[in-house]
Amino acid sequence: MPFIALGALLASSFTVALAPGAHAADALLSQGRPATASSQEGDGYAAAAAVDGNLTGTWWASQWSDQQWLQVDLGQVSNLSRVVLTWESAYGKDYEIQASDNGNDWHTLTKVTGGDGGTDDLAVSGTGRYVRMQGLARSGGYGYSLWEFQVYGSTGGSTPPPASGAVKVEGGQGNWRLTVGGQPYTVKGVTWGPAVSDAPRYLPDVKAMGANTIRTWGTDGSSKALLDAAASHGIHVINGFWLQPGGGPGAGGCVDYVTDTTYKNSMLTEFAKWVDAYKSHPATLMWNVGNESVLGLQNCYGGAELEAQRNAYTSFVNDVAKKIHSIDPDHPVTSTDAWTGAWPYYKRNAPDLDLYAMNSYSNVCKVRQDWIDGGYTKPYIITETGPAGEWEVPNDANGVPDEPTDAQKADGYTKAWNCVTGHPGVALGATLFHYGTEHDFGGVWFNLVPDGLKRLSYYAVKKAYTGSTSGENTPPVISGMTVTPASSAPAGGEFTVHADVRDPDGDAVAYKVFLSGNYANGDKRLVEAQWRPTGNGNLTVTAPQKLGVWKVYMQAEDGHGNAGIETESVKVVAPPVSGTNLALNRPATASSFQQSYGDCPCTPALAVDGRADTRWASDWSDPQWFQVDLGSAKALRKLQLVWDPAYARSYEVQVSDDANTWRPVYSTTAGDGDVDTLDVSATGRYVRLQLTARGTGWGYSLHELGIYS
């Protein structure tokens, strides 16, 4: 955090340009309006602090680099007369005040060079909805920091609301179009991820991308705030209704659509309630009933019953469509699924749908031909698309899905949009997946703005919708990322990450490294790793203690709100132990072993076979024991226990010369699984694990017991 100089706390009489006396018509337009910035120094220094009216208590602070910006959305195009910047001690020496009607195309109102902080009261002349301070040069080593950014003027023009009037699917076979109030409308959209409360913060950016539509999956009482915010930014909403089993394979629960009239009547009543509430809202574009349920029903039923359920589900969708039309004849109704094999069911059972909808990623370019081959008589929209998903890519050397690079993902959005627009008169647009901010496993795979950082994919979508990103500051590009050793990183040890990074704009790049245990323990979070640079594009990273395949993420940020993110997998294994493994392939016995469960039989011999992919597993009870016969008395120096997830919380290591009288050499009541590497000093022919308390509800399970001299 920049220090607060005493002078910054005192009223300053210095002005870069003295504004004429404020006219009575001039009003403070910026206070409390949505503000965004290229960066912020920490959680307490957000852009909103510069428009909250507090001149001495809160402030915005950027990261410590040049070319930072702060902007405010005035809500409508306004006549601008005056901008007042009250600087904290870290001020802008050179900067421009810029304005824009759309948040995309900027023009300069005034430029300041040689500023010395304090208060800059600038007379300006022009119009705009968005006003920003574009920093060019800082005064020192800190960033840019403003107590308050105040924009004065009068409301002259206004941001047009969404095109109003009835929404219709017009035309005929192969020559359809969507119209709003009689005007042609192509859906250029994104699926919506942020919280409703964050809509004022992010919708200006959605609009600046060239998007005119957002899609939701559920509609309820909270939707009004989102619809209101969307309308204020000239954006329409595809209002979704969720039906079980939504979300495709593995999600959403099961309903019997053949017999469960209670569920169907409940949903019909619920949906009708919200259609009636929002049918006249200017942001409403259409209604979307269900999401991927025809595909998802395969997780609930099979054979003839599955066919019956799919027919019953799509018949119910038709009942919903008829109900919606009876309440709201002015907005179309569609239903989304995840593969074109669902469309025959809609064709047969849901004639009241106005158009179809499809979620499709790497196969989106096949939708056109599938539509032709199916002989369909309704147009469609694509409600989710983008780069290849986790379920569509080949596995890497560690057996997990090989995530596309940033450049490949950006290309995926471009190709998807080209395929949508390549079916004119039938494909009426798309909502690309996903305008989300989660910075986790799924967020890095698909989100355009994880943690608010703009990716190459963000700019690919913007170019698709606006035709150009000329003049934009774009993210660093990472290429050639490798992990060494990729398949044998020692738990708690180190591995090397290499990547080549270039920034198209020559910006200084700051690095972060994250780890995700999604494939190791199901935790999709990204956790910052411990790492250090070692030169020539190499980083040395500390491996997790938990065994399994982890994802490693390199994140390169340019200080302008952009980031390049690449990821590879690393397999974390038990750390090597020097010396001879005395237990290897020696006779092993145990109190019990599982005859059949999962990969079993899991005999004792499998824990001393030198393989990490086999295991011994006991019955699911306490206590248990496992022992190895070394053949003769041996001096023991170290033991390594490589646990399966079913580990021992309490156990004792014992040695014996005759397998009758045992001597304890180690004990613990705080075992946590994964790998236990134990120093011992003992001599014996037999080594036994006396297992007294399990760490899970399963039994005890060892991939390997190594005993070293």
Side-chain angles (χ1 to χ4, degrees), residues 11-37 46-60 69-88 91-92 95-112 115 118-135 144-162 197 199-205 207-208 225 228-235 282:
S12 171
S13 61
F14 175 82
T15 58
V16 171
L18 288 174
H23 299 292
D26 287 351
L28 177 57
L29 306 177
S30 55
Q31 189 162 310
R33 295 298 306 167
T36 54
V51 291
D52 63 359
N54 189 337
L55 281 167
T56 60
T58 61
W59 70 97
W60 163 70
W69 53 264
L70 171 83
Q71 76 181 46
V72 61
D73 175 6
L74 304 180
Q76 59 183 336
V77 175
S78 304
N79 296 313
L80 308 173
S81 61
R82 180 174 166 233
V83 177
V84 180
L85 299 89
T86 306
W87 293 101
E88 199 258 345
Y91 61 89
Y95 62 91
E96 291 183 349
I97 301 300
Q98 303 172 339
S100 172
D101 291 342
N102 58 16
N104 183 34
D105 304 307
W106 296 88
H107 56 277
T108 300
L109 298 174
T110 189
K111 182 175 182 179
V112 173
T119 299
D120 293 348
D121 192 336
L122 310 175
V124 298
S125 178
T127 62
R129 170 176 175 168
Y130 303 88
V131 180
R132 80 177 172 189
M133 184 286 297
Q134 176 63 62
Y144 298 84
S145 186
L146 281 165
W147 289 106
E148 203 70 10
F149 182 63
Q150 297 169 305
V151 179
Y152 291 84
S154 59
T155 54
S158 64
T159 296
S197 59
R201 175 181 178 187
Y202 289 110
L203 281 173
D205 186 51
K207 186 70 173 179
D228 289 347
S232 72
H233 291 89
I235 292 173

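Nothing fancy with the numbering, it's 1 onward along the sequence. If you're wondering where the values come from, they're calculated on a predicted model, not measured in any experiment.
Leu85 contributes atom CG, which lies 9.0 Å from atom OG1 of Thr119 (distance to the nearest 0.5 angstrom). In this structure, Leu29 CG and Asp73 CG are separated by 11.5 Å, a value rounded to the nearest 0.5 Å. Once rounded to the nearest 0.5 Å, the distance linking CZ of Arg82 with CG of Leu109 reads 15.0 Å. Here the OH-OG distance, from Tyr152 to Ser78, works out to 14.5 Å after rounding to the nearest 0.5 Å. One distance of note links CZ of Arg132 with CD1 of Ile97; it measures 10.5 Å at 0.5 Å rounding. Between atom CG of residue Leu146 and atom OG1 of residue Thr86 there is a gap of 7.5 Å, rounded to the nearest 0.5 Å.
Side chain of Ser145 to main chain of Trp60: a donor-acceptor pair is present (N/O by atom type, distance under 3.5 Å, no hydrogens or angles). Judged by distance alone, the side chain of Ser100 and the main-chain N or O of Asn102 form a donor-acceptor pair under 3.5 Å. Panel note: side chain Thr36, backbone Pro34; no donor-acceptor pair is recorded below 3.5 Å. Looking only at distances, no side-chain donor or acceptor of Lys207 sits under 3.5 Å from a matching main-chain atom of Ile235. The backbone N or O of Asp205 sits nowhere less than 3.5 Å from a side-chain atom of His233 that would complete a donor-acceptor pair. Side-chain N or O atoms of Glu148 include one that pairs as donor or acceptor with a backbone N or O of Asp52 at under 3.5 Å.
With a 4.5 Å cut-off on side-chain heavy atoms, Val72 and Arg33 count as touching. Side-chain contact between Met133 and Tyr144 is present, with at least one heavy-atom pair separated by less than 4.5 Å.
With sequence neighbours excluded, the residues satisfying side chain to side chain contact (heavy atoms under 4.5 Å, CB included) with Tyr91 are Trp87, Asp116, Ser139. Not a single salt bridge (Lys or Arg N to Asp or Glu O under 4.0 Å) links Asp105 to another residue, sequence neighbours left out. Residues satisfying the side chain to side chain contact (heavy atoms under 4.5 Å, CB included) criterion with Ser125, sequence neighbours excluded, are absent altogether.
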